[in-house]
Amino acid sequence: MKLIFKLVLIIIVVMLALPSCSGAIDRVMNHTYDKGGFVFLVVGFDDAAENTDVLFTVNYNKNENSIKIAQIPRDTYFNFGSSQNKINQFYATMRVKGYDKKEALKRTSDAISSAFGTEFDGFLGITTNTFKKIVESIGGVDIELSSDMTIAIDGEPTLSLKSGSNHINGNEATVFVRYRSGYAGQDLGRIDAQKIFLEALFRKITSGISLPSIFSLVAGIQSDAVTDVQIIDIVKIVLGGFNKERELTKYFVTVPGEAIQSAGGLSYYVLQKYSAEKIARKYMYANKEFDPEGRFCNSSEVAFENVYRDSSENYKEYSDEDIKDIRISLTNNK
């Protein structure tokens, strides 16, 4: 009885501390795009600068009881008039222009959604510290690896993982999802590692977490998350949105493209328009013109044009059942 009383108090405190914004939960849960779901943009900020080095969309479809995650590589070419025009620098550029964090992320969300021909139902930006708190609040996660691996930073072994199941805490998860210098393909290797982590994270959340854990998760996110949706509404989605009568299915994809070096020697990821548009429609509920302003291609770069106009399908979609097929290769440890 005491435990139940404490849980009731926790819920009351949360509800008082985080009053739901008017109509927000109805907006995201009832917004269907004629397909019965909603889609959010999620970004992760780096520690040194205000770049969004992690970008992905989360689509929850109520009719299918599925989550579809589309990852956008941080080096994606995205023309917004800067010196480098990388998508991960858009938010930082807005901050330099004087916009506060929420307005800067709103402008980032609007620009990205418009380029993909869709409309996001909300956005969420988290720091490394917030990420650690999220993982710790749910008691860590269990990731599945196809082989042993040791991540070394500055020549020192930092995280050793074995083939099979590995339970990792907040600090270990941070190392795992942020490390990239030793992966084959650098950032693309890191994106595959993040697929493995995200599958484990959603598996843990949807398998049932305790109310105290939910309270801890809310408190952790509340401190420094940047979002246009009240945290309590996100909790409501987690608690009430998933169809308990059917197992949640999860799908993951990297938005199709190719790593290219510009004539000036800078490294970019250039989207393949034909395939990227297909992914936008499937993963982001896109129903408008894809890239109407031509932001994803630099027409003065022949190599960019060749990739952008490529009409072949050269990408891999993963379900939660075949995440185990991902092979992470470490080529060096720096």
Side-chain angles (χ1 to χ4, degrees), residues 27-44 52 54-74 76 87 109 112-126 141 143-144 177 188 190-207 227 229 233-234 237-238 240-257 269 271-288 290-291 313-326:
R27 171 169 59 85
V28 296
M29 292 305 292
N30 295 328
H31 191 64
T32 65
Y33 290 93
D34 298 322
K35 295 186 179 181
F38 58 84
V39 59
F40 283 98
L41 175 70
V42 179
V43 307
T52 53
V54 176
L55 302 101
F56 60 90
T57 61
V58 180
N59 158 354
Y60 173 63
N61 187 297
K62 294 186 292 182
N63 296 335
E64 299 175 358
N65 199 39
S66 67
I67 286 179
K68 297 184 180 75
I69 293 177
Q71 295 166 284
I72 307 170
R74 68 171 195 163
T76 296
I87 200 166
S109 176
I112 294 176
S113 64
S114 175
F116 278 104
T118 188
E119 179 183 349
F120 297 140
D121 293 294
F123 54 79
L124 173 66
I126 61 174
V141 299
I143 60 173
E144 297 282 342
V177 301
L188 295 181
R190 175 168 65 173
I191 283 177
D192 279 345
Q194 290 170 356
K195 286 183 179 70
I196 293 173
F197 173 80
L198 287 169
E199 190 281 327
L201 176 67
F202 279 104
R203 177 168 18 103
K204 180 66 174 286
I205 291 175
T206 57
S207 65
T227 182
V229 178
D233 288 335
I234 296 175
I237 292 170
V238 173
F242 299 136
N243 185 339
K244 302 299 191 303
E245 297 178 358
R246 251 191 315 162
E247 184 176 353
L248 184 74
T249 305
K250 301 175 285 294
Y251 301 92
F252 304 83
V253 71
T254 302
V255 178
Y269 184 83
L271 298 191
Q272 294 173 290
K273 182 180 180 180
Y274 173 77
S275 294
E277 182 174 9
K278 291 184 67 174
I279 292 300
R281 294 189 180 279
K282 183 175 181 179
Y283 279 70
M284 305 177 194
Y285 296 139
N287 55 8
K288 302 175 185 177
F290 180 86
D291 196 20
E313 293 187 13
N314 186 26
Y315 60 89
K316 168 68 175 176
E317 295 181 80
Y318 294 91
S319 71
D320 47 3
E321 294 297 322
D322 54 26
I323 282 290
K324 60 182 180 298
D325 294 336
I326 294 178

Original post:
Crowded around F197 CZ? As in, over 12 foreign heavy atoms under 6.0 Å?
Top reply: yes
Original post:
What is the distance from atom CG of D192 to atom OG1 of T254, rounded to the nearest 0.5 Å?
Top reply: 5.5 Å
**OP:** Verify, without hydrogens or angle tests, whether T52 (side chain) and G44 (backbone) share a donor-acceptor contact under 3.5 angstrom.
**Re:** no
**OP:** Quick one: closest heavy-atom pair of F252 and L198, and the distance?
**Re:** CE2-CB, 3.8 Å
Original post:
So, do F202 and V58 sit near enough that their side-chain heavy atoms are less than 4.5 Å apart?
Top reply: yes
Subject >> Partner residues of E317 under the salt bridge (charged side-chain N to carboxylate O under 4.0 Å, His left out) criterion, sequence neighbours left out >> reply: K282
Original post:
Is the closest side-chain heavy-atom distance between E144 and I323 below 4.5 Å?
Top reply: no
Subject >> Over all atoms of both residues, closest heavy-atom pair of S109 and L41 >> reply: CA-CD2, 3.8 Å
Subject >> Test side-chain contact (heavy atoms from CB on, under 4.5 Å) applied to F123 and V43, step by step >> reply: CA-CA 8 Å; F123 54 79; V43 307; over 6 Å; no
**OP:** Nearest 0.5 Å please: distance from the CD1 atom of I87 over to the OH atom of Y269.
**Re:** 11.5 Å
Original post:
Between R281 and A286, is there a donor-acceptor pair closer than 3.5 Å when you use the side chain of the first and the backbone of the second?
Top reply: yes
Subject >> Residues forming a ring-ring contact (aromatic ring centres under 6.0 Å, His included) with F290, sequence neighbours excluded >> reply: F116, F296
**OP:** Please determine, by modelled atom types, if D325 and Y318 share a side-chain donor-acceptor pair under 3.5 angstrom.
**Re:** no
Subject >> Approximate separation, where rounding is to 0.5 Å, of I143 CD1 and L201 CG >> reply: 12.0 Å
Original post:
Testing F38, Y285, F120 for side chain to side chain contact (heavy atoms under 4.5 Å, CB included) with N59, which one passes?
Top reply: Y285
Subject >> Passing candidate, side chain to side chain contact (heavy atoms under 4.5 Å, CB included) with L271, options I279, D291, V255, I72 >> reply: V255
Original post:
Just how far is it from atom CD of E199 to atom CD of Q194, taken to the nearest 0.5 Å?
Top reply: 14.5 Å
**OP:** Assess whether side chain to side chain donor-acceptor pair (under 3.5 Å) is satisfied between D320 and Y251, documenting all intermediate values.
**Re:** CA-CA 6 Å; D320 47 3; Y251 301 92; over 6 Å; no
Original post:
Could you state the interatomic distance from OG1 (T118) to NZ (K288), rounded to the nearest 0.5 Å?
Top reply: 7.5 Å
Original post:
Should Y60 and N65 be marked as a side-chain contact (heavy atoms from CB on, under 4.5 Å) after you check the CA-CA gap, both sets of side-chain angles, and the distance that decides it?
Top reply: CA-CA 7 Å; Y60 173 63; N65 199 39; 2.9 Å; yes
Original post:
At what distance, to the nearest 0.5 angstrom, does CD of E64 lie from OG1 of T249?
Top reply: 8.5 Å
**OP:** Please check if the side chain of D121 supplies one atom and the backbone of F40 the other of a donor-acceptor pair under 3.5 Å.
**Re:** no
Original post:
Side-chain contact, heavy-atom cut-off 4.5 Å: N314 with P256?
Top reply: no
